[in-house]
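This report concerns only the one structure given below.
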Amino acid sequence: MDKIRIHGGRALSGSIKVSGSKNSALPILAATLLTKDPCTIRRVPDLSDTNYMLQILKHLGAEVERASGTVTIAAAKIDSIAPYDVVRRMRASVCVLGPLLGRCKEATVSMPGGCVIGDRPIDLHLKGFEALGAAVRVEGGNIKIFAPKLKGAVIDLKGKFGPTVLGTDNVIMAAALADGTTVIDDAAQEPEVVDLANFLNKMGAKIEGAGTRRIIIEGVKELHGTEHDIIPDRIEAGTFLVAGAICGKGVTIKRAEPSHLTAVIDALQNCGYRIAVEDKSVSVSPNGAAKPLNIATECYPGFPTDMQAQMCALLSTTRGSSSITENIFPQRYMHVAEMKRMGAHMELEGATARIEGVDQLLGAPVMASDLRASAALVLAGLKAEGITEVSRVYHIDRGYEHLDEKLSELGAEIERVKA
Ligand code: EPZ
């Protein structure tokens, strides 16, 4: 298993281009199952997660062609049983349920495993499918869904921790081919949900209200092929903005969508960093001593849970007392123990991390655990004195396209080591 080795203390400067969004590409790739026509999707990032999704589509019978960031998928004839040995490796595989139900009126997909950021239930997804008239059974570790026909319904998708992103996506995709109108209340408002709705409307769906808490889908008989450009990855962009804050002297993120980054930009400005926003780029630079911050993760447009670990890395070397409260995945703190091994002063109190900024982190061998925690350990390594080695880099490869190469372009002393 590869490692990433960082020689910390280098100041970053320059610019990088953001890749297409992983969390938009995954549901949109799944949505191509809703039509027998070919669909062409551009700016699909080259990640293990997107590659897993393409493998699943192939297993289901779709023809898949990939030329760098452009993918063409033709799901002329498909099976409705997703293969366990691929599905088990990526929880987001669950987003093939909605399109399979919409297209085939049945689906069998293995139950998604939990993961280190916490229990990953799909009760809200299944509640939505049942509201549309589907019968849901869990059998032998598989979810089996069957619906003689799908009928529009009024569905509230709010859960204990707020809206569900992939749950909203799944219900939209199933409802797109249902009879009648579906109303989703307490829908997720993430930009990735909007991107999916825009893609589906280009396929002939009739979806209104994406990006608000109430989404209305008027079912149609069938959908046709289309072309689409995936939106920029706001979490990759945010991760690089934090890298620029931690040890930059002027870093610009290009091909971004600044309107998707307001909560992250606000947080960095509240820490005292200078942020400049252009049409498709955001720049961060130091502006005197950084200030501590108390922040909580919320569903969009609040501060993203996928940026929580990266903020822990930044605040660990920001003088003063800070805190981060995780309201979406309360257990999403695998990075804290590893950062403490680098000298960070952090204590967990339930879902809140209390952070006392230190002057200096010290490089150490650390272990990646989940996608965003791994990126946060790389950020901490950029700041730390000496060498930091992040093992289990496959976590990073799930969601960041060439992270080490992009950081190297900004002046980091970073290399991928074949273990
Ligand atoms: C999406 O996951 C993202 N993944 C996650 O990003 C992101 O952290 C998450 O949304 C929250 O924003 C993709 O889009 C592929 P949820 P999703 O359903 O949809 C609970 C990354 O790092 N819940 O919005 O699976 C759930 O446990 C990944 O890129 C239920 O209780 O998350 C959580 O506490 C990590 N029942 C909260 O809701 C359900 O049926 C939000 O989860 C579904 C979810």
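One-based numbering, in listed order, for ligands and for the atoms of each.
Between K36 and E222, at least one side-chain N (NZ, or NE/NH1/NH2) sits under 4.0 Å from a carboxylate O, which counts as a salt bridge. A salt bridge links D179 to K149: one of the charged nitrogens lies within less than 4.0 Å of a carboxylate oxygen. Between R214 and D185 there is a salt bridge, since at least one side-chain N of the basic residue sits less than 4.0 Å from a carboxylate O of the acidic one. Between R332 and D306 there is a salt bridge, since a side-chain N of the basic residue sits under 4.0 Å from a carboxylate O of the acidic one. In summary, R234 and E257 do not engage in a salt bridge, as defined by a charged side-chain N under 4.0 Å from a carboxylate O.
When non-hydrogen atoms are compared, ligand 1 lies under 4.0 Å from neither the backbone nor the side chain of P27. If you look at K22 next to ligand 1, the close heavy atoms, those under 4.0 Å, all belong to the side chain. In D123, the parts holding a heavy atom less than 4.0 Å from any atom of ligand 1 are both the side chain and the backbone. Only the side chain of A92 comes within contact range of ligand 1, with a heavy atom under 4.0 Å; no backbone atom does. When heavy-atom distances to ligand 1 are checked against a 4.0 Å cut-off, V165 comes that close through both its backbone and its side chain. Neither the backbone nor the side chain of D49 has any atom closer than 4.0 Å to an atom of ligand 1 (non-hydrogen atoms only). Only the side chain of F329 comes within contact range of ligand 1, with a heavy atom under 4.0 Å; no backbone atom does. Contacts with ligand 1 closer than 4.0 Å are made by side-chain heavy atoms of T305 only, the backbone lying farther away. Residue M307 does not touch ligand 1, judged by heavy-atom distances below 4.0 Å.
How far OG of S259 is from CG of L261: 8.0 Å, rounded to the nearest 0.5 Å.
Judged by the shortest distance from any of its heavy atoms, P163 lies inside the 4.0 Å radius around the atoms of ligand 1. For K160, the heavy-atom gap to ligand 1 stays at 4.0 angstrom or more. Assignment of R91 to the shell around ligand 1 is supported, since a heavy atom sits closer than 4.0 Å.
Atom CD of E413 has more than 12 neighbouring heavy atoms from other residues, nucleotides or ligands inside a 6.0 Å radius.
By the 3.5 Å distance cut-off applied to N or O atoms, L124 is counted among the residues near ligand 1.
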Between side-chain atoms of residues 162-177 and protein atoms elsewhere (two or more places apart, or another chain), which donor-acceptor pairs fall under 3.5 Å?
| residue | atom | partner | partner atom | Å |
| --- | --- | --- | --- | --- |
| T164 | OG1 | G167 | N | 2.9 |
| T168 | OG1 | T164 | O | 2.6 |
| T168 | OG1 | A188 | N | 3.1 |
| N170 | OD1 | G98 | N | 2.8 |
| N170 | ND2 | V94 | O | 3.1 |
| N170 | ND2 | H125 | ND1 | 3.0 |

